[in-house]
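Read through the structure below, which is laid out as C-alpha cells, and then see the notes.
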Amino acid sequence: MFYPPGKSIIPPALPQQIAQKDYKPFDPVRKTILELPENIDFKLSQKGREYFEAVHAELYKTVRKENETTQQVLNPYLKRWSPYTAPSPVMPPGS
C-alpha cells in the first residue's frame, strides 16, 4: 500500500493568524438567503408523485432481476430511497 511521506516538522501549537477574507462578493447571496421566508413547505405535485412512484417501482424491479449478492448490496439503499433524496419531483407550493 502507498503511504505519503512522513513530515518531520513540528506543527504549530496554536492556530495561525489567517488574513481576513473579502466576503463582499457573497453579499447578494447572503441578502437572498436572509430574505427567504422562515418556513417553506415543500410538497410533491401530483405529477411528481406519479413520476416518483414509477421510478420507485422500476428501481425495485431492476434490483429484483439481479443475483442475490447484488440484491443484498443494493437493498439497504433501496430502503432509504425517498422522494427527498431525489429533489427533481419536489416542488415548492404554487410551482
Open item on the list: Please tell me whether Y60 and Y77 are part of a single hydrophobic cluster in this structure, the criterion being side-chain heavy atoms less than 4.5 Å apart.
Closed with: no
Open item on the list: Just verifying a value: how many Å separate K65 NZ and T70 OG1, rounded to the nearest 0.5 Å?
Closed with: 14.5 Å
TODO: Report yes if the side chains of K31 and D27 come closer than 4.5 Å at any heavy-atom pair, otherwise no.
DONE: no
Task: Among R80, Q72, K79, the one residue meeting side chain to side chain contact (heavy atoms under 4.5 Å, CB included) with P76 - done: R80
- [ ] Could you tell me whether F26 atom CZ has more than 12 heavy atoms of other residues or ligands within 6.0 Å of it?
- [x] no
Open item on the list: Between N75 and V63, is the side-chain contact (heavy atoms from CB on, under 4.5 Å) condition met? List the steps.
Closed with: CA-CA 8 Å; N75 276 333; V63 171; 4.0 Å; yes
- [ ] Might you work through the side-chain contact (heavy atoms from CB on, under 4.5 Å) test for Y51 and R49, ending with a clear yes or no?
- [x] CA-CA 5 Å; Y51 178 76; R49 181 179 298 280; over 6 Å; no
Open item on the list: Restricting to non-hydrogen atoms, name the atom on K24 and the atom on D22 that form the minimum distance, rounded to 0.1 Å.
Closed with: N-OD1, 3.1 Å
- [ ] For E66 and Q71, indicate whether the former's side chain and the latter's backbone hold a donor-acceptor pair under 3.5 Å.
- [x] no
Task: Short side-chain to backbone donor-acceptor contact, T32 and P28, under 3.5 Å - done: yes
